[in-house]
Amino acid sequence: MQLIPFTKDEAIDICDDFEDLIGTKFSNEDYTLCKISDVVVAPFGDELFKIYMSYYVSLANKSEAIGFYTGNDYDVYVLAHEVEDSSLFHYVTIRDYAELKGVTYTFPVQ
């Protein structure tokens with residue numbers, strides 16, 4: 001299935017709907033115990049997300065981290081850090097998270 005990007009407003013609404021995840025536990029694909037530290041609106045696409053994450057880590061501010069992006073295509077990511085080493089981040093798109101956890105949510109379709 002090819003993912004389509006969200007609009008900025010859609011991504012913000014989704015992010016707000018899932019903000020209660022922050023502080024909950026999450027096991028990644030390696031079953032490493034993690035704690036969800038944030039749910040963020042980020043640019044759509046792997047390369048742009050990597051740039052976003054470099055800003056997110058260095059600025060420690062999700063609002064400032066997105067400042068470089070001037071496009072219109074967005075996604076929402078769940079960010080988690082390992083409980084044993086909080087410097088190690090893991091991430092998953094909100095759609096993948098919902099599928100992995102069996103969360104029923106109607107994502108916008110364009």
Side-chain angles (χ1 to χ4, degrees):
M1 173 177 78
Q2 171 116 10
L3 293 180
I4 58 168
F6 301 122
T7 66
K8 186 175 185 179
D9 288 339
E10 289 170 340
I12 290 169
D13 288 344
I14 294 165
C15 195
D16 289 345
D17 289 344
F18 283 89
E19 71 183 355
D20 291 343
L21 293 175
I22 297 170
T24 63
K25 293 179 181 172
F26 174 71
S27 294
N28 69 6
E29 62 279 354
D30 298 329
Y31 301 103
T32 303
L33 184 58
C34 298
K35 187 174 185 180
I36 296 176
S37 52
D38 217 341
V39 180
V40 300
V41 173
F44 184 81
D46 291 338
E47 291 305 313
L48 289 169
F49 180 69
K50 288 177 186 175
I51 296 168
Y52 170 84
M53 280 305 293
S54 69
Y55 283 115
Y56 181 89
V57 170
S58 66
L59 298 171
N61 182 308
K62 64 183 171 185
S63 298
E64 290 179 19
I66 194 88
F68 79 95
Y69 185 63
T70 59
N72 297 314
D73 297 335
Y74 293 87
D75 209 341
V76 176
Y77 288 84
V78 175
L79 306 181
H81 63 271
E82 291 187 11
V83 171
E84 304 249 340
D85 184 351
S86 62
S87 69
L88 298 176
F89 272 96
H90 299 271
Y91 60 88
V92 63
T93 68
I94 197 66
R95 290 175 268 212
D96 288 341
Y97 179 89
E99 185 178 323
L100 286 168
K101 295 297 185 179
V103 175
T104 303
Y105 188 86
T106 304
F107 293 102
V109 178
Q110 297 174 342

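Predicted model, so just to flag it, every value in this text is computed and none were measured.
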What are the two closest heavy atoms between [X] and [Y], and how far apart are they?
X      : Y     : answer
Pro43  : Leu48 : CB-CB, 3.6 Å
Cys15  : Val41 : CB-CG2, 3.9 Å
Pro108 : Ile14 : CD-CD1, 3.8 Å
Lys35  : Val83 : N-CG2, 4.1 Å

Compare all side-chain heavy atoms of [X] with those of [Y] and state whether any distance is below 4.5 angstrom.
X     : Y     : value
Asp38 : Ile22 : yes
Leu3  : Phe44 : yes
Met53 : Leu79 : yes
Leu33 : Lys25 : yes

> Are Ile12 and Ile66 in one and the same hydrophobic cluster, where Ile, Leu, Val, Met, Phe, Trp and Tyr link if side-chain heavy atoms are under 4.5 Å apart?
Replying inline: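 In one cluster with Ile12: Ile66, yes.
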What is the distance from atom [atom1] of [X] to atom [atom2] of [Y], rounded to the nearest 0.5 Å?
X     : Y     : atom1 : atom2 : answer
Phe6  : Asp73 : CZ    : CG    : 11.5 Å
Leu21 : Ile94 : CG    : CD1   : 6.0 Å
Cys34 : Leu88 : SG    : CG    : 8.5 Å
Phe49 : Tyr56 : CZ    : OH    : 9.5 Å
His90 : Ser37 : NE2   : OG    : 10.5 Å

> Where does the angle between the aromatic ring planes of Tyr55 and Phe68 fall among parallel (under 30°), tilted (30 to 60°) and perpendicular (over 60°)?
Replying inline: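 Rings of Tyr55 and Phe68: parallel, as their planes differ by under 30°.
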>> Ring-plane angle category for Tyr105 and Phe107, please: parallel below 30°, perpendicular beyond 60°, tilted otherwise.
In response: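 Rings of Tyr105 and Phe107: tilted, as their planes differ by 30° to 60°.
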> Pick from Tyr77, Phe26, Tyr91, Phe18: which one makes a ring-ring contact (aromatic ring centres under 6.0 Å, His included) with Tyr97?
Replying inline: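 Of all the options given, the one that passes is Phe26.
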Is the count of non-hydrogen atoms from other residues, nucleotides or ligands lying under 6.0 Å from [X] atom [atom1] greater than 12?
X      : atom1 : answer
Lys101 : NZ    : yes
Lys8   : NZ    : no
Asp46  : CG    : no

